[in-house]
J.: 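Before we start, here is the structure in question, set down as structure tokens.
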Amino acid sequence: MVAVRVRFAPSPTGFVHIGSLRTALYNFLFARQHQGTFILRIEDTDRTRFVEGATENMIRVLDWAGLMPDEGPQQGGPFGPYFQSERTEIYQRFAQQLIEQGHAYLAFDSPAELEEMRNGKLAVSRISTRYNHQIRQSMRNSLAMSAAEVEQLLAAGEPHVVRLKMPAERVFNVDDLVRGQVNFDSREIDDQILLKSDGYPTYHLANVVDDHLMQISHVIRGEEWLSSVPKHLFLYECFGWTPPKMAHLPLIFNPDGSKMSKRDITNLSELPAGKVDPDVESYIRAGFECDAILNAIALLGWNPGEGDDQQVFSLAELISNYSLERVNKSAAIFDLQKLRWLNKEQLKKQPADVLLNRLRPGLEERGWNRKPDSYCLAVIELLQARLGFLHDFFTYGTYFFEDPTEYDDKALKKYWKAQTTNLVLEFVREIDKLDRFFAAEIEEVLRRVAERHQVGGGQIIHPIRLAVSGFSVGPGLFELLELLGKDTVVKRIAKAVEVIPALQQQ
RNA sequence: GCCCCCAUCGUCUAGGGGUUAGGACACAGGAUUUUCGAUCCUGCAGCAGGGGUUCGAAUCCCCUUGGGGGUGCCA
């Protein structure tokens with residue numbers, strides 16, 4: 001059996017697209033699963049689209065996601081360099097070979113001439129707007145011109161490209177791992193440029209050459225590449241190489257079915273209707289858990305299968321459960337709601353001490369680190385199930401570290417009635433006498449006071465919650481009071497009793 | 001235009017000749033006489049349309065429709 005070697009081959013054109021990350025993930029999972037090698041190759045052959053720092057961006061995101069390449073620009077490897085821009089002589093050599101074999105030719109057509117051809121101004125082009133077998137004889141290339149003419153243009157330094165001479169009557173067939181048999185008629189395919197006039201290769205040449213040289217066993221990439229498969233297949237054939245297995249992944253779209261575009265988005269919290277941010281780093285910045293993002297995109301086009309309803313996966317679980325055979329064919333829509341839910345679920349799975357360590361910088365920043373770890377851990381345990389994001393800790397949990405400075409307006413109106421002050425004061429007097437300030441004892445006191453006054457527990461519970469936390473929602477009241485401690489509770493209630501009736505006058 | 005791909009609840013999907021078409025998110029309702037942004041329970045909601053094949057089709061075939069990709073000296 002052939003060793004599994006897969007590559008993630010992004011073009012460094014700026015930000016990291018959510019779809020790119022999924023492609024990287026699927027490649028990574030496949031590699032890990034087959035004890036294979038995961039390779040990062042930077043496809044930076046378009047100098048006009050070069051973006052400073054884009055590669056570093058890419059590497060940083062992969063690193064953050066835990067999708068570390070086994071071979072790549074950073075870690076090196078036996079098949080480097082892993083930047084295509086550093087491999088131009090290799091591509092030129094193979095392009096030359098193709099020319100010598102008669103599978104490729106030189107073309108001198110200017111952009112304007114190509115434009116004219118596509119606009120159908122040339123007689124022949126009424127048949128086709130492609131640069132193909134029907135039209136190449138009427139263009140300015142080494143197939144249509146005499147050797148002398150070509151020599152002359154070359155000597156004059158005329159800019160030219162190398163084109164693949166696509167056969168006229170052929171059917172190319174691929175057995176795609178996700179799509180099954182797909183056929184392409186070579187007549188529909190143009191004479192692809194392999195080498196641009198600046199000497200750099202196009203994707204097609206570089207891709208085929210590198211995949212072969214780097215001994216890639218499986219090409220797992222987005223569906224946008226499916227149409228170029230016949231060109232690639234023909235190249236493999238010309239070189240006499242065995243093509244790798246191929247798998248074309250379904251695309252990921254906006255909720256409205258449009259392409260996810262960075263242009264649509266300014267802010268993750270104010271998304272235009274039907275749009276979603278394609279930039280992975282926006283989600284990182286918003287505080288989404290790495291596991292949640294990977295989990296969410298893993299499920300976009302893949303599922304564990306019949307009889308398996310698991311939704312929440314760690315990266316390790318993805319590795320053991322994933323299979324390329326279970327990747328589906330239809331495009332998926334990115335669902336922010338599900339990401340949010342997964343984020344919560346992933347947060348719930350984390351041990352409290354792990355979260356505490358992640359929270360430390362924020363605790364220090366706020367001076368909340370005066371509290372002992374045991375206290376912080378207890379707060380985390382109380383809050384954990386309610387956190388949408390880890391950073392919610394600093395808003396939902398403020399009152400565990402600071403006295404409330406304001407009280408929720410709606411709760412204030414809803415829960416603080418005329419007789420509340422008396423009930424609350426009586427409750428304070430009673431708990432003040434407690435020697436053991438634990439949830440059970442506190443509850444006992446509260447129930448007693450409520451019974452004495454013939455009111456439901458809620459009549460006291462809600463006002464107390466409001467008084468000590470300022471919020472109307474939160475963890476169970478008695479655990480909360482226990483953790484806060486008697487002194488703090490008594491102090492806060494005393495203050496609330498002073499402040500709240502006054503607030504209500506307003 | 002041409003080529004290619006795709007089509008099950010709003011969304012992600014299971015199911016691939018006989019199922020009350022299953023699950024998850026979201027949404028709605030209920031429970032928790034202690035809140036909800038927690039938890040549990042229930043509900044809502046789907047095989048794009050039309051033809052075939054078959055005793056029987058969501059499932060196989062064809063057409064239509066819809067969506068998407070490609071058609072670049074972009075990747």
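Every chain is numbered from 1, with letters handed out A, B, ... down the list of sequences.
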J.: Assess, by modelled atom type and distance only, whether the side chains of A/N321 and A/Q310 contain a donor and an acceptor separated by less than 3.5 Å.
T.: no
J.: Return yes if some donor-acceptor pair links the side-chain N/O of A/R221 with the main-chain N/O of A/T23 below 3.5 Å, else return no.
T.: no
J.: Using the six-membered ring wherever Trp is involved, compare the ring planes of A/F234 and A/H103 and label them parallel, tilted or perpendicular (cut-offs 30° and 60°).
T.: perpendicular
J.: Would you mind reading off the distance between A/Q310 atom CD and B/rU13 atom C1', rounded to a whole angstrom?
T.: 15 Å
J.: Would you call A/D256-A/K275 a salt bridge at under 4.0 Å N-O?
T.: yes
J.: Without decimals, in angstroms, what is the distance between A/R179 CZ and B/rG68 P?
T.: 15 Å
J.: Between A/Q459 and A/T395, which is nearer to the 5' end of RNA chain B once each is assigned its nearest nucleotide?
T.: A/Q459
J.: Taking atom C1' of B/rC3 as reference, at what distance in whole Å does atom CD1 of A/I189 sit?
T.: 8 Å
J.: By nearest nucleotide on RNA chain B, pick out whichever of A/L226 and A/F471 is the more 5' one.
T.: A/L226
J.: Salt bridge (charged side-chain N to carboxylate O under 4.0 Å, His left out) with A/R93: which residues, sequence neighbours excluded?
T.: none
J.: To the nearest angstrom, how far is A/F253 atom CZ from B/rG10 atom C1'?
T.: 18 Å
J.: Sticking with atom P, work out how far B/rA21 lies from B/rA57, rounded to a whole angstrom.
T.: 14 Å
J.: May I ask you to check whether A/K338 and A/Q311 show a side-chain donor-acceptor distance below 3.5 Å?
T.: yes
J.: Counting any heavy atom closer than 4.0 Å, what does A/N207 reach on the DNA or RNA strands: base, sugar-phosphate only, or nothing?
T.: nothing
J.: Give the residues of residues 291-303 of chain A touching RNA chain B, defined as any heavy atom closer than 4.0 Å, sorted by residue number.
T.: A/L299, A/L300, A/G301, A/N303
J.: Within this structure, what is the NE2-to-P distance between A/H232 and B/rC4, rounded to whole angstrom?
T.: 18 Å
J.: Quantified in whole Å, what is the P atom distance between nucleotide B/rC62 and nucleotide B/rA7?
T.: 14 Å
J.: Please say which of A/N27, A/D211, A/D210 ends up in a side-chain hydrogen bond (donor to acceptor under 3.5 Å, both in side chains) with A/R7.
T.: A/D211
J.: Are A/Y283 and A/L336 side-chain neighbours, meaning at least one heavy-atom pair lies under 4.5 Å?
T.: yes
J.: For A/P475, which contact category applies under a 4.0 Å heavy-atom criterion: base, sugar-phosphate, or nothing?
T.: base
J.: Let me know the distance between NZ of A/K410 and C1' of B/rC36, rounded to the nearest Å.
T.: 12 Å
J.: Just the atom pairs and distances: protein N or O near nucleotides 23-27 of chain B's N or O, under 3.5 Å.
T.:
unit_1 : atom_1 : unit_2 : atom_2 : d
B/rG23 : O2'    : A/D309 : OD2    : 3.4
B/rA24 : O4'    : A/Q311 : NE2    : 3.2
B/rC25 : O2'    : A/K338 : N      : 3.4

J.: Under 4.0 angstrom, heavy atoms only, what part of the nucleic acid is A/R326 near: base, sugar-phosphate, or nothing?
T.: sugar-phosphate
J.: Under a 4.0 Å threshold between the charged nitrogen and the carboxylate oxygen, would A/E345 count as salt-bridged to A/K349?
T.: no
J.: Check every strand shown and say whether A/N328 touches a base, only sugar-phosphate, or nothing at a heavy-atom separation below 4.0 Å.
T.: sugar-phosphate
J.: Just call it for A/Y200: base, sugar-phosphate, or nothing, with non-hydrogen atoms closer than 4.0 Å on any strand.
T.: nothing
J.: Can you give me every donor-acceptor pair (side chain of residues 176-184 of chain A, partner residue at least two apart or in another chain, under 3.5 Å) with its distance?
T.:
unit_1 : atom_1 : unit_2 : atom_2 : d
A/D176 : OD1    : A/V178 : N      : 2.8
A/D176 : OD1    : A/R179 : N      : 2.9
A/D176 : OD1    : A/H248 : N      : 3.3
A/D176 : OD2    : A/H248 : N      : 3.1
A/D176 : OD2    : A/H248 : ND1    : 2.6
A/R179 : NE     : A/H248 : O      : 3.1
A/R179 : NH1    : A/K329 : O      : 3.4
A/R179 : NH2    : A/H248 : O      : 3.2
A/R179 : NH2    : A/K329 : O      : 3.4
A/Q181 : OE1    : A/N173 : ND2    : 2.8
A/N183 : OD1    : A/N173 : ND2    : 2.4

J.: Where do N or O atoms of nucleotides 44-49 of chain B meet protein N or O atoms at under 3.5 Å, pair by pair?
T.:
none

J.: Assess whether salt bridge (Lys or Arg N to Asp or Glu O under 4.0 Å) is satisfied between A/K231 and A/D190, documenting all intermediate values.
T.: CA-CA 9 Å; A/K231 294 170 187 175; A/D190 56 357; 3.4 Å; yes
J.: Identify the pairs formed between an N or O of the protein and an N or O of nucleotides 71-75 of chain B at a distance under 3.5 Å, and give each distance.
T.:
unit_1 : atom_1 : unit_2 : atom_2 : d
B/rU71 : O2'    : A/R130 : NH1    : 2.7
B/rG72 : OP2    : A/R118 : NE     : 3.4
B/rC73 : OP2    : A/R118 : NH2    : 3.2
B/rC73 : O2     : A/S197 : N      : 2.7
B/rC73 : O2     : A/S197 : OG     : 2.7
B/rC73 : N3     : A/S197 : OG     : 3.0
B/rC73 : N4     : A/D109 : O      : 3.2
B/rC74 : OP2    : A/K196 : NZ     : 2.7
B/rC74 : O2'    : A/D46  : OD2    : 2.8
B/rC74 : O2'    : A/R49  : NE     : 3.3
B/rC74 : O2'    : A/R49  : NH2    : 3.3
B/rC74 : O2     : A/R49  : NH2    : 2.9
B/rA75 : OP1    : A/T45  : OG1    : 2.9
B/rA75 : OP1    : A/K196 : NZ     : 2.6
B/rA75 : OP2    : A/Y203 : N      : 3.1
B/rA75 : O3'    : A/E43  : OE1    : 3.4

J.: Could a donor-acceptor pair under 3.5 angstrom be found where the side chain of A/R386 meets the base of B/rC36?
T.: yes
J.: Step through the shown structure and confirm whether more than 12 heavy atoms of other residues, nucleotides or ligands are within 6.0 Å of NZ on A/K245.
T.: no
J.: Looking at A/A450, is its backbone amide N or carbonyl O close enough to the side chain of A/Q459 to form a donor-acceptor pair, meaning the two atoms are under 3.5 Å apart?
T.: no
J.: In whole Å, I'd like the distance from the CD1 atom of A/I461 to the C1' atom of B/rU32.
T.: 12 Å
J.: Please indicate whether A/K196 has more than 12 foreign heavy atoms, meaning atoms of other residues, nucleotides or ligands, lying under 6.0 Å from its NZ.
T.: yes
J.: Need one value for A/S472: base, sugar-phosphate or nothing, where a base atom within 4.0 Å counts as base even if backbone is also close, heavy atoms only.
T.: base
